[in-house]
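So the structure is just underneath, and the comments pick up after that.
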Amino acid sequence: MISVEVSKSSQFSLSISEIAPDKSISHRSAMFSMLANGTSEITNFLRAEDTMNSLEIVRNLGAKIEDDGVTIKITSNGIKEPSEILDCGNSGTGIRLFCGLLSSANGHFILTGDKYLRHRPMKRVTIPLRDIGAKLDGRNDSDLAPLSIRGASLKAFDYNSKIASAQVKSCMILAALRAEGVCTYTEPELSRDHTERMLKGMGANLHVDGLKTTINPMKELLSPLVIRVPADPSSAFFFAVAAAIIPNSNITLEGITLNETRIEAFKALERMGANITYETTDNKYEPIGNIHVKYAPLKAITVEDNIPWLIDELPALSIAFACADGVSVVKNAEELRVKESDRISTVVNGLRACGIEVEEVQDGYSVVGGELSKATVDSYGDHRIAMSFIIAGLRCGMSVTDLDCINTSFPNFFELLGKITEFSHSKLDLESN
Ligand code: S3P
């Protein structure tokens, strides 16, 4: 188990063009290539554990993958029954989207993941899929992985989801593409929309009207994807918080997707008083550009709207709350409890360890801004908790344990952190269970 000791940073001024490529878009690029009638070409694919697991699964499903280190070319010849168990590692996106893709494919498939993923809820996808005829099962009455799927024909559906989840939406859109008739999927609030944008770009006949997406089954294979994956705003946000909490600092984060369903945390940081500007430089599938963040004293805010648009950034935003003047409140965020860790309790535990007053409720928490102090914080195996508290360390020094998880989404995190401060790693030989 690796841990890190981070030193307090002084003011910095930086421009970073190497933020990790977007995780959501990378997963989808690999999976959607399976629906194309030729070779998809993906550059700047995220080479992190979660997305490399998806790529490996696509290979196990029979796709030919050529990788020259810059561009990954994926050629599919239809989904083939694999001889291997399909291991999604730590990734909820991986396992839930593959359920949608494989439910109608010919063959038998077993999807599993690491000890964290095997405890995350799957009924949100297995129930709607079973309702339309999918032959899918798993532990605990189909709620827990390993999941087994025997491809079957799927009925057309009109599904009203109670959860604003892009993973559930994407799973059902993938199922709809091969269902027996026109399907509709309605969500309670708009969640990230990469699936809709990318599939439309590939020629899928789907139509988005507010919260309702109508999907016509594929009559033929789609056009191949040709995509350069933009940088991940969720990864970039750690460095945005760094600039926002270290007086007189500023940072430019380059080549980030500026999709509005992904940059709400930057808007929240702006509401807190940070000086943030956006510059669009490109638009393919999504608007892409640079985000400039400049330090200014922070004030407390309440975050209760558009929660799906900043759900992944709430741990890092909470570090900014701890440095702000006043009491910040997070509401309507119960989904945080079923992420890579129960992020309400892991954020609350971490902040308390750093001497910050925090109150926990079922759907959120409140944070009394104050002075962070150096502590030893456990990541609980959750990459976003690990990186959030490392960033907190820029204010006061910090020791963070159990860091291997950072490789699931941001393998070059420490390389970039090194531009801001000094740190040292140590390896503890603990048996992981
Ligand atoms: C993701 C959707 C979100 C997000 C996750 C990635 C995706 O999960 O938290 O990190 O790529 O679709 P939910 O859809 O479960 O909210």
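Counting starts at 1 for both ligands and their atoms, in listed order.
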Handout entry: N or O contact, D312 vs ligand 1, cut-off under 3.5 Å
Key = yes
Problem - Within-shell test, K169 vs ligand 1, heavy atom, strictly < 4.0 Å - result: no
Handout entry: Under 3.5 Å: N/O of A166 near N/O of ligand 1
Key = yes
Problem - Side-chain donor-acceptor pair present, N349, Y380, cut-off under 3.5 Å - result: yes
Exercise for the section: Answer yes or no: does an N/O atom from R384 fall short of 3.5 Å to an N/O atom of ligand 1? Expected result: no
Completion exercise
All heavy atoms of P411 vs all of N407, minimum pair found to be CA-OD1, 3.8 Å
Completion exercise
the protein heavy atom lying closest to atom 12 (O) of ligand 1 turns out to be R28 NH2, 2.7 Å
Problem - From K339, E335, R192, E340 - option closest to atom 16 (O) of ligand 1 by heavy atom - result: K339
Exercise for the section: Check whether the ring centres of F413 and F239 lie less than 6.0 Å apart, and answer yes or no. Expected result: yes
Practice task
Could you point out which residue of R150, R130, M122 forms a side chain to side chain contact (heavy atoms under 4.5 Å, CB included) with L136?
Solution key: R130
Problem - I311: numbered ligand 1 atoms lying under 4.0 Å from its heavy atoms - result: 9 (O)
Problem - Nitrogen or oxygen of K23 less than 3.5 angstrom from that of ligand 1 - result: no
Handout entry: Side-chain H-bond candidate by donor/acceptor type, T112 with R118, under 3.5 Å
Key = no
Fill in the blank from the handout: of all protein heavy atoms, closest to atom 6 (C) of ligand 1 is T93 OG1, 3.3 Å
Practice task
Give a yes-or-no answer on whether the side chains of Q167 and T93 include a donor-acceptor pair shorter than 3.5 Å.
Solution key: yes
Problem - Carboxylate-amine/guanidinium contact E260 K267, below 4.0 Å - result: no
Problem - Sub-3.5 Å N/O-N/O distance, R96 and ligand 1 - result: no
